[in-house]
Protein chains: 2
Amino acid sequence: MSHNSELTGTGGDRRAPTTERRRRNRRASDNRAVTFKLPPGSRTLNQLKAACSQCSLHELCVANGLEIGDLARLDQLTQKRQRVLRHQSLYKAGMPFHAIYAVRAGFFKTEGTLGDGREQISGFQMAGELLGLDGIGEGRHLCNAVALEDSEVCVIPFAEIEAMARAIPALQQSLHRLMSRSTAHDHKLLSLLGNGTAEERVATFLLDLSHRLSQRGYAGSEFVLRMTREEIGQHLGLTLETVSRTLSRLQRQGAIRVQQRLVRLVDMDALVRTAPG
Amino acid sequence: MSHNSELTGTGGDRRAPTTERRRRNRRASDNRAVTFKLPPGSRTLNQLKAACSQCSLHELCVANGLEIGDLARLDQLTQKRQRVLRHQSLYKAGMPFHAIYAVRAGFFKTEGTLGDGREQISGFQMAGELLGLDGIGEGRHLCNAVALEDSEVCVIPFAEIEAMARAIPALQQSLHRLMSRSTAHDHKLLSLLGNGTAEERVATFLLDLSHRLSQRGYAGSEFVLRMTREEIGQHLGLTLETVSRTLSRLQRQGAIRVQQRLVRLVDMDALVRTAPG
DNA sequence: CGCACTTTTGAACAGAATCAAGTTTTGTGG
DNA sequence: CCACAAAACTTGATTCTGTTCAAAAGTGCG
C-alpha cells in the first residue's frame, strides 16, 4: 500500500485499502490546525456517523457506560468534528484551553518541549483516546498535539461536558475513569523510564501498542508504526540509534520481525518476558 | 511532644524545634494502615479543626474556589481523619479503592513496584495534596502510599465527593483541576527522566520541593528532606550513589548547602540555570 | 557503647549517547 | 515514469555518564 489514506486506525488490516488519498503538502513548519469545510450535502450523513451513539469506539471513549437516553444527550455535545492533516497541530502549548478531543480516526503524539532542543513525547493517542486533559488545570494547553497521519477528532467543549457530567452520573464516572487511567498509564511509563533498560522499554512499548490495537479490533500481532524511530526515542528516553539497534536485537532474538515501520510480534511470550512487571 | 504527634508540615522551620520525637519501631514490614483512637473529649475540638472551612490548606486543596455555603457542605464529607505512622501504608497496590485522601499533615510517597526488586516512586505528597487518584480507573489502588513521617489525612469517600461535585460546580472544577495538574506534573517528570542528566534531575527536584513548600508558608530556601537518598533516586531514576554524588557536586558548585537531610538553596539562580526548561 | 541504617567517596565497568558513514525509502518535480 | 533530493533507518567505533561494587564514616537509637 503506497500511502494509504482513509483515516485508518492504525492497523491497516481492518478496512480494505481504499483509493489513494491526495497528499497535502505537509512541511514540518506547516502545522496550523485546520478545520475542513465538508462538501455540501455530506453534512447530515457525517453528523449521523459522528454521533457517539453510532460510534464504534463507543465503549472505549467517554460514552462508555451510558444508557441509550443519555447517549443521545451526549451526541449533542460531540457534533463538532475537526480534521487534522499529518504533521499539523490540533493545539499547541500555550494556547487557551476550551475543549478536550476524542480521537475519531488517525494517530497523534503529544509532545512537550524543554526549552532547548530536547523534546519529550508524553504519549501517542489512537482512536477512542482523549487529548487535552492536561490543559484543564491551567486553562491553557501545556503541550503540542500533532497528528502523525491525517486524522479526525471530536471536539468536546469542556465546560459543556462538565455541565453534562453533573447531570449524568455515568458520564461523570466515565470521565473520571479516563482521567485516572491516563494517570496510571503515565505512572507505568515513569517506572519504565526510571528503571528500564533500552530493551525493556522498547518491548513494553510494542506490547502496549499491540494491546491498544487489539482493543480496537486490529491485529495486535502485526501493525504499522505510525511514528519514526526518533519519536519512539523521544517517548522512551532513548536516542533514535538505540531504538533502531534495540529493534534489530529483538529481531535477532526472534521476538519480533521488523521491516521499516511494519512490526510483527512473532514471540509474544519472549516480549512479555523481556518487559518488566 | 513526646511522640510527635504534632503532625508537622515539612519545613521544620515554621514551628520551633521541639523535643525529640520518640521513635516507634518502624520495621519495613510493619506497614499496616492504622486509625488512631482519639482520646475521649478531643473529638469535638478535632472536628472543628478538621473542617475544610477551617483548614489552612483551604485554597490548595479540593476546597479551593468554593463559596462559604458550599464549604460547609464539603465539611460534612471530610470529617473522617486517619493517622498513618511513619513507614506505614495508607493503602497498598491491589486494595479496593473507595476514597481519595487529602494530606492534612505529614509527608507521603507513592511507590509502584516492578515485580522484581525495582521500585519507582511516582511522587511525594505533602499537606494539601491528594492521594489515590490513580485508583479511580480500576476500582483498586495501583501503588502503595507510604508515610515518610507520622502523618494525617482526610478520608474523602469518592462516590460521595463525586455526588457532591454534581451539585457544586466549583467543587467539580476544583477536582478536575487537581487531577489535571497531577497529570501535568507527571508529564514534567517524564520529560525529566527522558531527557535530563543527573544534575538536571536533582536540581529540578529541589526546586520543585522548594516551590511547594513556599506555597505552604514554609521557607523555600532551607528545608529538611523527608526522604532518603535512595528514595530520591527511586523517584528520579538514579541510584542512591548518584544522588549523593550529585548533591555533593551541586554543593561544590556553590548552588546548595547539604548536611544530611538538611538542604539550603544558596544560589537559586544557579539551580534554575541547571534545571532544564 | 554497639548495632543498624544512611550517606559519602573511590575505582572499575557497562549501557547508552555521540559521532560518523552508508543504505533504503519516500517525496518532488521534470 | 524517472531522476534527484530529503528523510528515515541501520550499523560501526568511540566516548561518557551513571551503575555497580566496595569500603569507610556519620547518625540515631536502644
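Since this is a predicted model, take the numbers as computed values, not measurements. Note on naming: letters A, B, ... go to the chains in the order of the sequence lines (proteins, then strands), and numbering restarts at 1 for each one.
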Legend entry - Electrostatic pair B:Lys109-B:Glu119, nearest N-O below 4.0 angstrom: no
Inset, instruction - Rounded to the nearest angstrom, tell me the gap between atom CD in B:Gln251 and atom P in C:dT8. - result: 9 Å
Inset, instruction - Determine: side-chain N/O of A:Arg245 to OP1/OP2 of D:dT10, distance under 4.0 Å, yes or no. - result: no
Legend entry - Distance-only donor-acceptor test, A:Gln259 side-chain atoms vs D:dC9 base atoms, 3.5 Å: no
Inset, instruction - Quickly work out the B:Glu231 CD to C:dT6 C1' distance and round it to whole Å. - result: 11 Å
Inset, instruction - Please tell me if the side chains of A:Leu209 and A:Met126 come closer than 4.5 Å, counting only heavy atoms from C-beta onward. - result: yes
Legend entry - Value in whole Å for how far the P atom of D:dA6 lies from NE2 of A:His87: 17 Å
Inset, instruction - May I ask you to say whether A:Arg273 pairs ionically with A:Asp269, meaning some side-chain N is under 4.0 Å from a carboxylate O? - result: no
Inset, instruction - Measure the distance from CZ on B:Arg229 to P on D:dG18 and round it to the nearest whole Å. - result: 17 Å
Inset, instruction - Take the protein atom CD of A:Gln234 and the nucleotide atom P of D:dA8, then report the distance between them rounded to whole Å. - result: 11 Å
Inset, instruction - Could you tell me how the ring of B:His141 sits relative to the ring of B:Tyr91: parallel (under 30°), tilted (30 to 60°) or perpendicular (over 60°)? - result: parallel
Inset, instruction - Determine the contact category for B:Arg249: base if any of its heavy atoms lies under 4.0 Å from a base atom, sugar-phosphate if only primed atoms, P, OP1 or OP2 are that close, otherwise nothing. - result: nothing
Inset, instruction - Rounded off to whole Å, could you give me the CD1-to-P distance for the A:Ile232 and C:dA17 pair? - result: 14 Å
Legend entry - Phosphate-side-chain proximity, B:Thr242 and D:dT17, N/O vs OP1/OP2 below 4.0 Å: no
Inset, instruction - Hey, which sits more toward the 5' end of DNA chain C by its nearest nucleotide, A:Arg201 or A:Gln260? - result: A:Arg201
Inset, instruction - Grab the CG-P distance between A:Leu262 and C:dT26 for me, whole Å please. - result: 11 Å
Inset, instruction - From the options D:dA8, C:dT8, C:dA17, select the nucleotide whose nearest atom is closest to the side chain of A:Leu238. - result: C:dA17
Inset, instruction - Hey, which sits more toward the 5' end of DNA chain C by its nearest nucleotide, A:Val243 or B:Met227? - result: B:Met227
Legend entry - Euclidean distance, atom CG of residue B:Leu225 to atom C1' of C:dT6 [Å, nearest integer]: 13 Å
Inset, instruction - Run the salt-bridge test on B:Glu129 and B:Arg216 with the 4.0 Å N-O cut-off and return the result as yes or no. - result: yes
Legend entry - Quiz item: B:Glu241 side-chain donor-acceptor pair to D:dC21 base, under 3.5 Å: yes
Legend entry - OP1 or OP2 of D:dT11 under 4.0 Å from side-chain N/O of A:Ser248: yes
Inset, instruction - Tell me what A:Gly237 touches on the nucleic acid: a base, only sugar-phosphate, or nothing, going by heavy atoms under 4.0 Å. - result: sugar-phosphate
Inset, instruction - Output yes when at least one side-chain N/O atom of B:Thr239 is less than 4.0 Å from OP1 or OP2 of D:dT19, else no. - result: yes
